[in-house]
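Below is one structure, written out as structure tokens; the observations come after it.
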Amino acid sequence: MLALATVIAVAANPAEEIPAAAQPEAVVAAPTMERVVWLSDRRVALWVHSPAMGRPIQVQLLLAKDWNARPEARFPVLFMLDGLRADDDENGWTKQAGAVDFFADKNLTVVLPIGGMSSFYADWLEPNNGHNYKWETFLTDELPPLLESRWRATPVRGVQGLSMGGTAAMFLTARNPGFARYAGSYSGFLTTTTLGMPQAIDFAVRDVGGFDSAAMWGPPTSPEWAAHDPYLLADQLRGVSLYVSSGSGATGPFDQAAGVPGMSTNIAGMGLEILSRLTSQNFVTKLAELAIPARVNYRPSGTHSWPYWDFEMRQSWNHAGAALGVDPTVPECATSDPIAAVAALNDWLGECLTNEYPAADGMAQDFRGGRVFRTPDSGEYPVGGAIGAGYQAASGPAGALGLPTDVEGVLPDDRGRFQRFRHGALYWTPQTGAQAVHGAIFDEWSAQGFEHGVAGYPVGPEGATPNGHGVVQPFEHALFYFSPGPGAHRVQGLIRDKYGQLGYEESFLGFPVTDEQSVRDLGRFSGFEGGAIYWSPASGAWAVRNGPILDAWRETGYENGDLGFPVSDEFPVPGGVRQTFEAGFIEIRDGKPEVHRT
């Protein structure tokens, strides 16, 4: 928090203008997308590896209204920056405010960076408190190309934020010409070099997260403070559509009165908002001197808190939408039978967002809570929630599952939920998330009892094996493999662990050709293209390669013979190879097997 005493100090006129520090042209390494998790049919979490920060950064996207209806379309983006107390799990605009619902009917993609407590979304001079903050590079250089190449974004961008995020919205836009057409500050601190401001910011970042502002921009006399001061960079905002707002600090409609006229129980929020008002006024005055227009709203009351920022998000939309080329009005949509009948029976869908549009060989319509699909042969079915998120992850109606053929249902164990589709199904539990199962693996899993079988629920999607010869899908207690020759088979338990130690299908074993089976009631085995893995409690799990050792062991009766189970893998010996069993070993010399019993 910023001290109330500091508020008085910053009422003085801003310092003399200092030119922004020259920024050397940097060679930007390409970011990579490490992980994608769909949270709904139009909300997705990305983990993007930032070369500048040397770690993955979570970014959530609220996708445009017509994302599904117009798969060929690209959309402008709006970055929404968090405040000083930014959490590592979710951006405040979705956690504390209503951004998800508000932007659901808007045709732009909202970009929500997650994390960055006390960072001011800047490139810090040095690591501090366990963080290597390089947010400016990430947001302005690394992330936009990925959004444009992978997430149908256009180069038309806006950026807005609250408090710390409002400060950053202005200086990021000013320092990076062409980055944003629109910049909005809600309760931002729009001078950083006026008397007392460096000290106030240092107090705030130390109080909130134990950070040292000297690691961010150096001592207060460093030119880096001026290089990030929206007031001193104001001339660089010419041609950008600007929105500036702040409250007065007095008790407002979302505050609890403290019993003293004009005072609320949010004492810290009062002081911070007064500070924001003073710095915002200085900044706006500078814009006027430069003849740079801005939409300014000084509210007669209100403290530094989320209800007011949620309000400003809504109040600024017409201005932001116009700047980004998005029609700020909400076009009407119509729902007709038979989809209207489905929507009426499923009030969780909410109001429609689009009209009907083609989807695979059927039709679809988007609602706030999900989608309804219809086909001439199978009927009309809603898809939403976690299942809807899993359906998007599986590429929706154009993916391997195809269109839905039933409604979502509860499974007999009361643990999970599922929904059937033309070519498979989606299964969900709180522990596993929503996972698609289809094709040969689905058929084999169903033959083995679905989630009641040995494998349990799926815990990840089906994926191609590294050699490209098959696919594999993980389940709670097993892996299912499929390749065209051997078909689909389950590998589980300690045999699965041994298979992994050897290199899975990339090893001499290749793909499984049998499921795990019981032998002699003492152990288990699984057959593979290149051999088998045997396990018993006494011997452990070991692989036997197809060839002369396996042939010789077969002649003794396998594990039922006098040699028993293997107790080692094959290993070299002078002049040949050997494999040890419970009661002896088999050795190959000059291509000829020798059986030795103990």
Side-chain angles (χ1 to χ4, degrees), residues 441 444 454-455 460 463-475 477-598:
I441 288 179
E444 183 62 25
V454 172
T465 56
N467 62 17
H469 297 159
V471 294
V472 61
Q473 184 164 9
F475 289 72
H477 310 301
L479 298 172
F480 271 94
Y481 280 86
F482 167 79
S483 64
H489 296 286
R490 183 188 76 246
V491 187
Q492 68 192 68
L494 295 174
I495 287 179
R496 176 191 60 193
D497 295 344
K498 181 64 177 180
Y499 187 43
Q501 291 170 12
L502 294 173
Y504 295 108
E505 75 285 347
E506 294 285 284
S507 71
F508 70 86
L509 289 168
F511 284 91
V513 297
T514 72
D515 294 322
E516 184 175 299
Q517 300 176 31
S518 175
V519 290
R520 254 178 64 190
D521 293 328
L522 295 176
R524 315 283 294 177
F525 97 100
S526 284
F528 297 84
E529 292 174 302
I533 296 177
Y534 283 78
W535 170 87
S536 76
S539 62
W542 304 98
V544 186
R545 186 192 297 263
N546 286 349
I549 287 181
L550 181 61
D551 294 341
W553 188 42
R554 181 180 62 244
E555 293 297 321
T556 72
Y558 290 118
E559 75 284 349
N560 293 309
D562 55 3
L563 287 179
F565 283 92
V567 294
S568 80
D569 293 326
E570 179 183 295
F571 59 93
V573 294
V577 294
R578 176 186 296 180
Q579 186 155 14
T580 307
F581 294 80
E582 288 177 301
F585 62 89
I586 298 174
E587 198 166 89
I588 307 298
R589 293 182 182 273
D590 299 323
K592 297 180 181 179
E594 299 175 2
V595 178
H596 299 263
R597 295 172 174 85
T598 57

For the student: nearest non-hydrogen atoms of F511 and P486, plus distance: CB-CG, 4.1 Å
Go through the structure and list residues passing side chain to side chain donor-acceptor pair (under 3.5 Å) with S536, not counting sequence neighbours. S539
Using modelled atom types and a 3.5 Å cut-off, is there a donor and acceptor pairing between side-chain atoms of R490 and backbone atoms of V454? no
Output the distance between atom CD (E505) and atom OG (S483), rounded to the nearest 0.5 Å. 9.5 Å
Apply side-chain contact (heavy atoms from CB on, under 4.5 Å) to the pair V491 and Y504, showing each step before the final yes or no. CA-CA 10 Å; V491 187; Y504 295 108; over 6 Å; no
Which pair of heavy atoms, one from E444 and one from A488, lies closest together, and at what distance? CG-O, 3.7 Å
Which residues pass the salt bridge (Lys or Arg N to Asp or Glu O under 4.0 Å) test with E516, not counting sequence neighbours? R524
First locate atom CZ of F565, then atom CH2 of W542, and finally report the distance between them rounded to the nearest 0.5 Å. 14.5 Å
Could you check whether any side-chain heavy atom of Q579 comes within less than 4.5 Å of a side-chain heavy atom of F571, counting everything from C-beta outward? no
Can you sort out the partners of E570 under salt bridge (Lys or Arg N to Asp or Glu O under 4.0 Å), two or more places apart, ordered by chain and number? R545
Sort and list the pairs that fulfil side-chain hydrogen bond (donor to acceptor under 3.5 Å, both in side chains) and have at least one residue in residues 493-503, not counting sequence neighbours. K498-D569
A552 versus P593, closest heavy-atom pair with distance: CB-CB, 3.9 Å
Side-chain (E587) to main-chain (T580) donor-acceptor, under 3.5 angstrom: no
Between H489 and Y481, does the ring centroid distance fall short of 6.0 Å? no
For a side chain to side chain contact (heavy atoms under 4.5 Å, CB included) with F581, tell me which candidate from L563, V567, T598, V595 qualifies. L563
Measure the CZ-OG1 distance between F482 and T465 for me, rounded to the nearest 0.5 Å. 11.0 Å
Examine distances only and state if a side-chain atom of N467 and a backbone atom of H469 form a donor-acceptor pair shorter than 3.5 Å. yes
Applying salt bridge (Lys or Arg N to Asp or Glu O under 4.0 Å), name anything that partners D562, two or more places apart in sequence or on another chain. R597
Would you give the length of the straight line joining atom CZ of F528 to atom CD1 of I495, rounded to the nearest 0.5 angstrom? 7.0 Å
Would you sort out whether E529 and N546 count as a side-chain contact (heavy atoms from CB on, under 4.5 Å), showing the intermediate values? CA-CA 8 Å; E529 292 174 302; N546 286 349; over 6 Å; no
Looking only at heavy atoms, which two atoms of V544 and P566 are closest? And how far apart? CG2-CG, 4.0 Å
At what distance, to the nearest 0.5 angstrom, does CD1 of I588 lie from CD1 of I549? 5.0 Å
Give me each pair satisfying side-chain hydrogen bond (donor to acceptor under 3.5 Å, both in side chains) with a member in residues 547-557, each pair once, sequence neighbours excluded. D551-R554
Would you check if the side chain of Q473 reaches a backbone N or O of F480 as a donor-acceptor pair within less than 3.5 Å? no
